[in-house]
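Order of the sequence lines sets the chain letters (A, B, ...), proteins ahead of strands, with each chain counted from 1. Computed from a prediction, not measured in an experiment: that's the story for all the values here.
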2 protein chains.
Amino acid sequence: MPRPRQPRLTRQLIVETATAVIDAEGLPALSTRRLAAELGVRGPSLYNHFATKDEILDAVADTVTGAVDTSGFASRDWAAALRDWAWSYRRALTAHPNIVPYLAQGPGRRPAALAMADAVYGGLVRAGWPPARATHIGAALRYFVAGSALGSFARGFVEDPELYAAHYPHLRQAHRLAEHQQSVDEGAFALGLDALLHGLVAEYARTVDPVESARPSG
Amino acid sequence: MPRPRQPRLTRQLIVETATAVIDAEGLPALSTRRLAAELGVRGPSLYNHFATKDEILDAVADTVTGAVDTSGFASRDWAAALRDWAWSYRRALTAHPNIVPYLAQGPGRRPAALAMADAVYGGLVRAGWPPARATHIGAALRYFVAGSALGSFARGFVEDPELYAAHYPHLRQAHRLAEHQQSVDEGAFALGLDALLHGLVAEYARTVDPVESARPSG
DNA sequence: GTCTATATATAGATAGAC
DNA sequence: GTCTATCTATATATAGAC
């Protein structure tokens, strides 16, 4: 009973469906058979559109990264651009947390990841940061965003509070916050990002543009 | 030809060997057969010491986290304690980067991870941080450390610089730094951690201990 | 371009002998 | 406590018919 006039496979449809499976059940759950079944075809059909499973994963990864907005770096305000980029980056990754370990294997040859790195680095250098410093700043923010998307603090705590109370007294309250996992994660990200940018602005004033910064007070 | 008097299996030996395999070849490379072969036994023998493969992975994860030093929180200087903890945490994770995605699945029931969270949270609250704030700070630093261990900025760049030059002009210089991957990663971590702590100290002065901080200047 | 059939490999885990 | 033998399952990928 071949399905008579169903939508045929396309690369985009395969990528979208693969993303959905990964989001719902994790990276190890994505097999070619599972993906094909989800699309209403058999496993081998996928190989008419992708040479290997890794090509599919790369396409998923590139699509996720492609959703990140780096347009802020077109302006002059590098700190605002970093903040907007970091939040956009975080939104893109937290929408698909299960793919993050794969993403972190490196930008590799994925166009979107390379374009993102290029935009951030270029924007910081244009703002006056020394090249080596620009690399460090981009990497530091990438670490923070990737780490925040990778695993929440709350995730993984078991249900019974009393189970912890005896051995880890300070966690009694902390664990209660696990009920509000998402708000904890977002609050921690907001706090960390603000602190990071605060420190970077201070260093910029000290090392990159001391004249401009010193003008008001001395 | 059974091995006559070889060292028999112990939980510790299994965990150490599993860690070595994961370090060398990645998390997916660790199968029960592979691990057993490395130990000079057959697969089923492992089940005399662990009920499941996941139990072995949990033991590996717990050992990695157990190497983190949180003794700094015994003192009063919370910022110095955070810095020491973050560096110790980073050293523990970067020594075994391939296990990080597994670690990030949550503290779960692993004693070392829970003890670490307890020490950090307790130290910050004792220093005067509000409980919710202490949770956010611990999480933010955990994100940063985990992200930095997960994937370096440099990792994954291909060898030929010219391959990037045409399409991503700003990356020509950045990619050269990939040759010094380790120093880039460490520099980015140092910069990010300093910036984070700088921002936190400023907030502490503003919100937790304004009297003490305001004394000199008003 | 999708299909059936299959090659090849590998996984985690158990039963029961020694 | 380790072994052989095996169960069950699942994987990626290819050949060749339609």
Side-chain angles (χ1 to χ4, degrees), chain A residues 1-62 98-99 101-102 105 108-110, chain B residues 1-62 98-99 101-102 105 108-110:
Chain A
M1 196 189 285
R3 324 169 76 253
R5 198 152 292 271
Q6 287 303 100
R8 299 224 290 350
L9 292 180
T10 63
R11 286 177 65 98
Q12 189 190 345
L13 187 58
I14 292 171
V15 169
E16 286 170 359
T17 308
T19 306
V21 171
I22 293 169
D23 288 346
E25 304 176 32
L27 201 52
L30 187 81
S31 67
T32 52
R33 280 178 166 83
R34 174 87 175 74
L35 175 54
E38 206 74 30
L39 287 158
V41 299
R42 306 304 189 109
S45 301
L46 298 171
Y47 292 89
N48 291 312
H49 304 269
F50 291 93
T52 66
K53 184 190 170 181
D54 264 2
E55 271 194 13
I56 300 176
L57 285 174
D58 278 340
V60 170
D62 203 55
N98 293 333
I99 195 74
Y102 188 85
Q105 285 174 2
R109 295 154 184 81
R110 293 192 295 272
Chain B
M1 195 188 284
R3 323 167 80 251
R5 200 151 292 270
Q6 287 302 100
R8 299 223 292 348
L9 293 181
T10 63
R11 285 178 66 97
Q12 189 189 345
L13 187 56
I14 292 171
V15 168
E16 285 170 1
T17 308
T19 305
V21 171
I22 292 170
D23 288 346
E25 305 177 32
L27 201 54
L30 187 81
S31 66
T32 53
R33 280 176 167 84
R34 174 88 175 76
L35 175 55
E38 207 73 30
L39 287 159
V41 299
R42 306 305 188 110
S45 301
L46 299 170
Y47 291 90
N48 291 311
H49 304 267
F50 291 93
T52 66
K53 184 188 170 185
D54 263 3
E55 270 193 14
I56 300 177
L57 285 175
D58 279 340
V60 171
D62 203 55
N98 293 333
I99 195 74
Y102 189 85
Q105 285 174 6
R109 296 153 183 80
R110 294 193 293 273

Leu39(A) CG to dG1(C) C1', straight-line distance once rounded to whole Å | 14 Å
Identify the two heavy atoms, one from Ser31(A) and one from Lys53(A), that lie closest to each other, and give their separation to 0.1 Å.
-> CA-NZ, 4.4 Å
d(CG, Asn48(A); P, dC3(C)) in whole Å = 10 Å
Reckon Ser45(A) has a side-chain N or O less than 4.0 Å from the OP1 or OP2 of dG1(C)?
-> no
Whole-Å distance separating the CZ atom of Arg42(B) from the C1' atom of dG16(C) | 17 Å
Is the count of non-hydrogen atoms from other residues, nucleotides or ligands lying under 6.0 Å from Glu55(A) atom CD greater than 12?
-> yes
Nearest whole angstrom, please: distance from the P of dG1(D) to the CG of Leu13(B).
-> 14 Å
Secondary-structure notation, DNA chain D, from Watson-Crick and G-U pairs under 3.5 angstrom (| other strand) | |||||||.||.|||||||
Pairs in or reaching into residues 11-25 of chain B: which pass salt bridge (Lys or Arg N to Asp or Glu O under 4.0 Å), with residues at least two apart or in two chains?
-> Glu25(B)-Arg34(B)
Per-nucleotide protein contact along nucleotides 6-12 of chain D, 5' to 3', at a 4.0 Å heavy-atom cut-off (B base, S sugar-phosphate only, - neither), is B----BB
Can you tell me how far P of dT2(C) sits from CG of Leu46(A), to the nearest Å?
-> 9 Å
Check the distance between dA13(D)'s P and Leu57(A)'s CG and give it to me in whole angstrom.
-> 10 Å
Starting at CZ of Arg8(B) and ending at C1' of dC3(D), how long is that distance when rounded to a whole Å?
-> 14 Å
Between dT2(C) atom C1' and Ile14(A) atom CD1, what is the distance in whole Å?
-> 12 Å
